[in-house]
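Worksheet for the structure shown next.
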Amino acid sequence: MEVVWAVGQVGAVWVAAVLGLVVLPSALGISLGISEAYMWVLVKTLEWATIRLQKGVKKPQPPQTPTANGIIERDETPMEKEIARLHRADFEFSHIFYFCRKGFEAIVEDEVTQRFSSEELLSWNLLTRTNVDFHYISLRLTVVWVIGVIVRYCLLLPLRFTLAAIGITSMIVGTTAVGQLPNSSVKNYLSEVVHLTCSRILVRALSGTIHYHNKENRPQKGGICVANHTSPIDAIILTNDGCYAMVGQVHGGLMGIIQRATVKACPHVWFERSEIKDRHLVTKRLREHVADKSKLPILIFPEGTCINNTSVMMFKKGSFEIGGTIYPVAIKYDPQFGDAFWNSSKYNIVSYLLRIMTSWAIVCNVWYLPPMVREEDEDAVQFANRVRSAIARQGGLTELPWDGGLKRAKVKDTFKEEQQKNYSKMLVRNGSIG
Amino acid sequence: SVSHSQITRLYSRFTSLDKGENGTLSREDFQRIPELAINPLGDRIINAFFPEGEDQVNFRGFMRTLAHFRPIEDNEKNKDQNGPEPLNSRSNKLHFAFRLYDLDKDDKISRDELLQVLRMMVGVNISDEQLGSIADRTIQEADQDGDSAISFAEFVKVLEKVDVEQKMSIRFLH
């Protein structure tokens, strides 16, 4: 009996602390500075660890620049220069050397498949999961690591789990409640409050530190917000600072419950599985939404799949055919504090969330870019590429012309045919026929 | 020879390609690399990794085939006159390229074999006739003993002025 009472007391204190220190400030949009203090301690610890690691390494390491994370030197000489370098213009046995070397370079290190796995860190951040090449250095480091494990699993994980539970429950309950009201400006206002508060709670549930830049370019009503995609958390990162109409497929389970609840309060656009295959239907519905200037901006991730935040892959042109103003947003996570990338072929959503909640923190930068509109002489693909360049440049990401769908699908034969055509042109042009 | 960190990185690459997680790579694992899948000679290159009649290659075999592409200057450090010739010698690099042409492994590149490789590289863009005359001319120029096929010695002679070391080498960054 005594034990139950004691546990009850502890539980009550716990809940009260969480409500007072996290939920209330979230609702009011203010910060108590607890996260900031935690981050400060964390940064200092990681800096100390990095120094100790560098001291502990026996051989002097060559200075590693952030971009030289590759394994090999890639020779970027184009085919024409490489093969037609020899003044003889006809076919030579040596022509295969070019294709051969390119093939082997791709086998050792290729631009595409590395984007579907987590980014390698330059220096260990005291998480077991990122310990690729680092060995035992010193006792002090190991002790700090053990403390880290205890803090992360025994202190942070329960805290974050509680917050996440509160956040999701409030979202469901809040939006259902607001959804009962008749359509009016009061309803919209309350819906925004509920969405924002729950987003803030969820961000705190991930120990998220987000820096927003250029807030004057924030997406406006009737517009389309596009961003690079790294994880399901991207949506929460953005809704922490504004309200959007989400676009997506209807899921089952908990996600489905959330979707059904939120759509009562705010016109999110959820598609059934069968509908999403019909591109015209999708475009039509989105166009109607965008045309209504009183509706919230829609949020779309044109890559279509999660990429590891080192590059931006091909943007699917569908989002750029809808019309309206595009508000590009660049999101860049700092991998030192936690890996936000969801490798869906390796981890399911539950393991992913568990990993996120046992990382140090989620730190990211969000840049709002100036709005863009499709120009007269541009088609959807060119427009998509233009937007993609802007996002890649701002976020410091590489631009790749490859399709994110290559994560699962095979590459189209047209690319090979293009190379064959180029090679043939060289042979024919150099007059070796006849 | 290959440094410890290079081996570690290559092993890491090997395991990331090994989707079946059974310690060996199959042809499908290679095909999943987009830049290799669109290479006109992709299939031939992949074949080079698999010993006769086998469908799986382990890490040892993987490294062995890659060793052909090590830069020749790496050998300066350990000149072992009595040991076997290193895989990345000029002669062995040429032999590797020769084997890409010589599908039936009879130590001769026949007109048909040359045509096959040519067809892979040009796709559908050049007619059979034109391709045939390219093949004929190429063999005629290199053939010294008049058997209308190219032996390894004739192959080497044709390429004697080509900087094989540079064209068939991949440099590691560290």
Side-chain angles (χ1 to χ4, degrees), chain A residues 59 61-62 64 68-75 82 86 90-114 116-117 120 132-133 345 402-403 406 410-428 432-434, chain B residues 5-6 8-10 12-13 16-17 19 30-42 44-46 49 62 65-66 68-69 96-98 100-101 109 114 117-118 120-126 130 133-135 137-138 142 150 155 158-159 161-162 164 167-174:
Chain A
K59 268 194 313 193
Q61 293 270 6
Q64 283 173 320
N69 232 354
I71 309 177
I72 53 177
E73 232 174 73
R74 305 277 314 240
D75 190 339
E82 176 88 11
L86 319 159
D90 332 300
F91 169 74
E92 303 242 341
F93 282 107
S94 57
H95 284 184
I96 67 160
F97 291 166
Y98 171 79
F99 291 110
C100 210
R101 193 183 64 216
K102 281 257 166 269
F104 271 80
E105 279 176 352
I107 290 174
V108 175
E109 180 187 39
D110 78 293
E111 277 299 325
V112 184
T113 57
Q114 58 166 293
F116 301 136
S117 59
E120 247 184 72
V132 175
D133 203 23
S345 40
W402 300 93
D403 184 354
L406 289 172
K410 279 201 140 111
V411 66
K412 292 204 199 102
D413 280 334
T414 44
F415 293 103
K416 188 195 273 199
E417 285 157 19
E418 213 183 293
Q419 290 214 45
Q420 289 169 330
K421 199 149 76 162
N422 288 342
Y423 179 68
S424 311
K425 269 198 230 148
M426 260 180 42
L427 277 188
V428 173
S432 63
I433 313 293
Chain B
S5 74
Q6 287 170 2
T8 318
R9 297 199 78 124
L10 285 173
S12 169
R13 174 65 170 168
S16 74
L17 291 173
K19 293 282 184 246
F30 283 97
Q31 289 282 1
R32 239 178 258 115
I33 304 173
E35 287 169 55
L36 185 61
I38 68 167
N39 189 317
L41 294 179
R44 284 285 165 100
I45 295 169
I46 295 174
F49 281 86
F62 183 69
T65 315
L66 285 182
H68 285 99
F69 277 78
F96 184 83
F98 187 79
L100 286 178
Y101 284 102
I109 302 178
L114 181 55
V117 174
L118 276 171
M120 285 175 93
M121 293 205 284
V122 306
V124 301
N125 299 291
I126 295 183
Q130 289 176 329
S133 51
I134 296 179
R137 187 198 43 76
T138 314
I150 309 296
F155 187 72
V158 167
L159 294 171
K161 293 213 178 59
V162 175
V164 176
K167 282 174 181 290
M168 295 273 282
S169 293
I170 298 179
R171 262 159 202 76
F172 275 83
L173 281 177
H174 13 263

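Only this structure's heavy atoms are used, side chains among them; waters, hydrogens and symmetry mates stay out. All of these numbers come straight from a predicted model, not from anything done at the bench. Letters go in sequence order (proteins before strands), and every chain restarts at 1.
Between B:P40 and A:Y423, the closest side-chain pair of non-hydrogen atoms is not below 4.5 Å. Two residues are said to be in side-chain contact when any heavy atoms from C-beta on lie closer than 4.5 Å; A:V108 and B:R13 fail this criterion. B:M121 places a side-chain heavy atom less than 4.5 Å from the side chain of A:I96. With a 4.5 Å cut-off on side-chain heavy atoms, A:T113 and B:S16 do not count as touching. The closest side-chain heavy-atom distance from B:T65 to A:I107 is not below 4.5 Å. You'll find the side chain of B:I109 reaches within 4.5 Å of the side chain of A:F93, heavy atoms only. B:F96 has its side chain within reach of A:C100: a pair of non-hydrogen atoms, C-beta onward, lies under 4.5 Å apart.
The minimum heavy-atom distance between B:A37 and A:K416, with the atom names listed, is O-CE, 3.3 Å. The minimum heavy-atom distance linking B:L159 with A:S94 is given by the pair CD2-CB, 3.6 Å.
Between atom CD of residue A:Q420 and atom CG of residue B:L41 there is a gap of 9.0 Å, rounded to the nearest 0.5 Å. For the atom pair B:R9 CZ and A:E109 CD, the distance stands at 7.5 Å (nearest 0.5 Å). Atoms CD1 and NZ, from B:I126 and A:K421 in turn, are 13.0 Å apart once rounded to the nearest 0.5 Å. Separation of atoms OG1 (B:T138) and CD (A:E92) is listed at 8.5 Å; rounding is to 0.5 Å. Between the CZ atom in A:R101 and the CG atom in B:N39 there is a gap of 12.0 Å [rounded to 0.5 Å].
Remark: B:R44 pairs with no residue by the salt bridge (Lys or Arg N to Asp or Glu O under 4.0 Å) rule, at least two apart or across chains. With sequence neighbours excluded, the residues that form a ring pair (Phe, Tyr, Trp, His ring centres under 6.0 Å) with B:F49 are A:F104, B:F30, B:F62.
When B:L36, B:I33, B:L17 are each tested for a side-chain contact (heavy atoms from CB on, under 4.5 Å) with A:D110, only one passes: B:I33.
For B:R171, the parts lying under 4.5 angstrom from a heavy atom of chain A are both the backbone and the side chain. B:A142 touches chain A through its side chain: at least one heavy atom from C-beta onward sits under 4.5 Å away, while N, CA, C and O do not. There is no contact between B:I46 and chain A, counting heavy-atom distances below 4.5 Å. B:F98 does not touch chain A: none of its heavy atoms, backbone or side chain, sits under 4.5 Å away. In this structure, chain B has no heavy atom under 4.5 Å from any part of A:E418.
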